[in-house]
2 protein chains.
Amino acid sequence: MGTATHRDEAEAHLRAAGLKVTVQRLAVLDAVAGAGHLDADAVHARVVRELPGTSLQSVYNVLGALTEAGLLRRIEPAGSAGLYERRIGDNHHHVVCTRCHAVADVDCVVGEPPCLVPSDTGGFAIHTAEVTFWGLCADCQREVTG
Amino acid sequence: MGTATHRDEAEAHLRAAGLKVTVQRLAVLDAVAGAGHLDADAVHARVVRELPGTSLQSVYNVLGALTEAGLLRRIEPAGSAGLYERRIGDNHHHVVCTRCHAVADVDCVVGEPPCLVPSDTGGFAIHTAEVTFWGLCADCQREVTG
DNA sequence: CAGTTGTTTTGAATGACTCAAAACAACTCG
DNA sequence: CGAGTTGTTTTGAGTCATTCAAAACAACTG
């Protein structure tokens with residue numbers, strides 16, 4: 001079923017990246033796929049549910065390896081621990097709640113890429129533009145105004 | 001002279017923010033004004049030069065207070081410690097070198113503000129857009145290609 | 001100049017993450 | 001399919017940036 005297919009795809013991705021296929025890696029991939037924007041601790045909590053005994057250190061190792069291999073993307077909004085998401089190749093952006101630190105994806109910015117060309121690069125050879133929006137998530141808006 | 005005027009302005013700013021004027025705060029303000037994008041340790045190093053005995057903890061306290069008061073701006077690019085700059089009210093952006101972590105200001109983005117309106121905010125009430133560009137600084141370009 | 005309040009210092013603690021060595025599991029090849 | 005090699009996970013300890021708390025102290029108030 002869906003799950004089995006996911007696993008197979010995950011395996012293929014790991015092999016393609018030259019990484020050995022281990023239960024820990026599959027579990028981490030699963031955990032991150034099942035919920036966006038998790039920190040190492042949250043991933044660990046989920047992994048342990050189906051793979052008790054997995055160490056937090058291993059989760060760090062796996063997250064590091066998968067990120068380096070391009071199977072995961074790591075973001076690090078100011079004030080939050082590193083957060084991992086299953087990256088879809090698109091370079092989407094993020095909104096972070098200034099009150100509760102919830103994170104959501106923002107599909108893209110209106111003006112399209114040209115927007116993200118800085119006017120004066122100060123001699124830097126730029127290869128990526130990262131946009132982070134800050135605001136209040138729906139829940140926090142309610143709690144603040146309510 | 002210039003320095004004296006700076007001090008006077010700094011004092012005025014502190015008072016306006018309802019903060020007591022202390023030598024440590026003036027020194028920190030000076031240190032950050034004299035060089036952009038310093039982390040707490042770097043600020044401390046500079047402050048200690050003219051005010052020996054100042055503790056790192058005090059520098060943290062001062063940086064926190066000044067940031068909260070809006071006299072400094074704090075940024076935290078992924079992989080770097082918190083960096084402080086004298087904020088000029090404009091919401092400018094930053095370029096970070098992926099090799100040596102050098103940071104430079106980027107005055108603004110070409111397409112102007114409309115650019116930074118996300119297409120779908122996912123229910124968030126957004127109040128700030130922060131753009132971080134990643135690339136190689138001039139020095140690192142030289143070292144890599146040279 | 002004395003009192004009050006906010007600030008700095010000292011000392012310790014936390015959280016997120018990294019390092020290193022030993023135990024172990026995946027893939028390879030005969 | 002079984003041994004070897006190499007990469008992975010575990011265990012245990014360490015680091016760095018930052019924060020917490022209480023005591024010593026300095027700025028503003030009157």
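Source: prediction; values computed, not measured. The sequence lines fix the lettering, A, B, ..., with proteins before strands; numbering per chain opens at 1.
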To the nearest 0.5 Å, how far apart are NE2 in B/His93 and CZ in B/Phe133?
7.0 Å
Starting at the 5' end of DNA chain D and moving along, which residue's nearest nucleotide shows up first, A/Val59 or B/Asp41?
A/Val59
Let's see if you can work this out: which of D/dT18, C/dT8, D/dC28 has an atom nearest to the side-chain heavy atoms of B/Thr22?
C/dT8
Between A/Ala104 and B/Phe124, which heavy-atom pair has the shortest distance, and what is it?
CB-CE1, 3.7 Å
If you only use heavy atoms from C-beta on, which nucleotide in C/dC27, C/dT10, D/dA26 is closest to the side chain of B/Lys20?
D/dA26
Considering just the side-chain nitrogens and oxygens of A/Arg15, establish if one lies under 4.0 Å of OP1 or OP2 belonging to C/dC27.
yes
Starting the side chain at C-beta, find the nucleotide from D/dA17, C/dT8, D/dT10 nearest to B/Ser58.
C/dT8
Of the candidate nucleotides C/dT9, D/dC28, C/dC27, which contains the atom at the shortest distance from the side chain of B/Val21?
D/dC28
State, with a plain yes or no, whether a side-chain heavy atom of B/Thr132 is found less than 4.5 Å away from one of A/Thr132.
no
Give a yes/no on whether any side-chain N or O of A/Arg74 is located under 4.0 angstrom from OP1 or OP2 of C/dA16.
no
So which nucleotide from C/dG11, D/dT18, C/dC17 ends up closest to the side chain of B/Gln57?
C/dG11
From D/dT10, C/dT9, C/dC17, nucleotide with atom closest to A/Tyr60 side chain:
C/dC17
Counting side-chain heavy atoms from CB outward, which of C/dC17, D/dC28, C/dT9 is closest to A/Ala81?
C/dC17
Most 5' of B/Ala40 and B/Leu19 on DNA chain D, judged by nearest nucleotide
B/Ala40
